[in-house]
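Heads up, the thing below is written out as structure tokens.
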Amino acid sequence: MATAASPTPAATPLRGVQPLRAGKGNSYLWHKLHSLSGIVPIGAFLVEHIVSNYETMNGPLAYAKQVQFLNSLPLVRVLEICFIFIPLTFHALYGVFIAFRGRVSVNVYPWAGNFGYVMQRVTGLIAFAYIIQHVARQRFMGVSLPENPAMAFHKVQVELSNPWMLAIYVIAMIATCWHFAYGIWLFAAKWGITPGNVARKRSGYACAAFGTIMCVMGLLSIWSVAFNPKYKDAPIPVLGSQTAGESSTAPATN
């Protein structure tokens, strides 16, 4: 006598991050490129950018020299377009596509992985919006810093004198560093670099520490420009023949 088949138990969601595998959907290649571009070159550029901005701790002249050095690199505009703007545009736009295509399940499965999934997309959107306005304001509006690196500290200082912009900088710095640190963890997990829960847990601690260091450096840079009393009315430095520590006598004006 035929008996009714027992219902198939619902699949239990697994913890952790599954590695990317060939043949898993038509978007496999795009996901691979998106994951990789977040580490190289975008992640490398973010680290360089935070380290360079940390020169604000040493004052306007040190920061101006760093800006001057970066803009004097061979083929700097070609490098900027090929290794910053194009990869960043792809990573950001495809990230937005992923963010609005994904489904939030924190309320159903309140695990750290689902929380990270949501926060990675939220912080990515914050970083995307911030980068657009930051590049527009600092690169294409007002004085051109590639041609006038001595004005770099003063230009940022004027922008941060607006409390709203200061808040945006702080929020964006925290969001961007979180996004990058968790992105490194995801990259290592999905590419099979950290197989197993133990390896991923250790990787999580390392990524959290690295992201915290980058965030603290970024926030200290913001503090130095906006609040350090040593540089509140610092004169605009003169580059070229002057030695370190010397600057023009004309005070910076807003």
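Positions are given from 1, in the same order as the sequence printed here. Worth saying up front: this structure is predicted, and the values here are computed from it rather than measured.
Remark: H134 engages Y130, Y169 in a ring pair (Phe, Tyr, Trp, His ring centres under 6.0 Å) (not counting sequence neighbours). The ring pair (Phe, Tyr, Trp, His ring centres under 6.0 Å) search around F45 returns H49, not counting sequence neighbours.
Screening V67, L239, V143 for a side-chain contact (heavy atoms from CB on, under 4.5 Å) involving N148 leaves a single residue, V143.
Summarising the local packing, CZ of F227 is surrounded by 12 or fewer heavy atoms from other residues, nucleotides or ligands at distances under 6.0 Å. Atom CZ of F83 sits in a sparse spot, with 12 or fewer heavy atoms from other residues, nucleotides or ligands closer than 6.0 Å.
Remark: S35 OG to L186 CG distance equals 7.5 Å, nearest 0.5 Å.
Residues I39 and I213 share a single hydrophobic cluster, defined by chaining ILVMFWY side chains whose heavy atoms lie under 4.5 Å apart. The same ILVMFWY cluster, assembled from side-chain heavy atoms under 4.5 Å apart, contains both F153 and W223. The hydrophobic cluster containing L61 does not contain L70, counting ILVMFWY residues as joined when their side-chain heavy atoms lie under 4.5 angstrom apart, directly or transitively. Connection of M141 to L160 is not established within any shared hydrophobic cluster, with ILVMFWY side chains joined at heavy-atom distances below 4.5 Å, either directly or through further cluster members. Criterion: ILVMFWY side-chain heavy atoms under 4.5 Å apart, direct or through other members. Under it, F69 and V51 are not part of a common hydrophobic cluster.
Between the side chain of K230 and the backbone N or O of G59, no donor-acceptor pair lies under 3.5 Å. In this structure, the side chain of H154 does not engage the main chain of I236 through any donor-acceptor pair within 3.5 Å.
Nearest approach of Q120 to H179, heavy atoms of both residues: O-ND1, 2.9 Å. V156 and Q138 make their closest contact through CG2-OE1, 3.6 Å (heavy atoms, listed as atom of the first residue, atom of the second, distance). Summarising the geometry of S224 relative to T56, their closest heavy-atom pair is OG-O, 2.7 Å, with the distance given to 0.1 Å. Of all heavy-atom pairs spanning P146 and R139, the tightest one is CG-NE, 3.6 Å.
Looking at N197 and R202, their side chains never bring a donor and an acceptor atom within 3.5 Å of each other. The closest side-chain donor-acceptor pair between S161 and Q157, if any, does not fall under 3.5 angstrom.
A cation-pi arrangement is present between K32 and W191, with the terminal nitrogen or guanidinium carbon under 6.0 Å from the aromatic centre and inside a 45° cone about the axis. For R137 and F140, the positive end is not near the middle of the six-membered ring at less than 6.0 Å and at most 45° from its axis.
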Practice task
Output, in order, the C-alpha distance, side-chain angles, deciding distance and verdict of side chain to side chain contact (heavy atoms under 4.5 Å, CB included) for L125 and F100.
Solution key: CA-CA 10 Å; L125 292 174; F100 286 102; 4.2 Å; yes
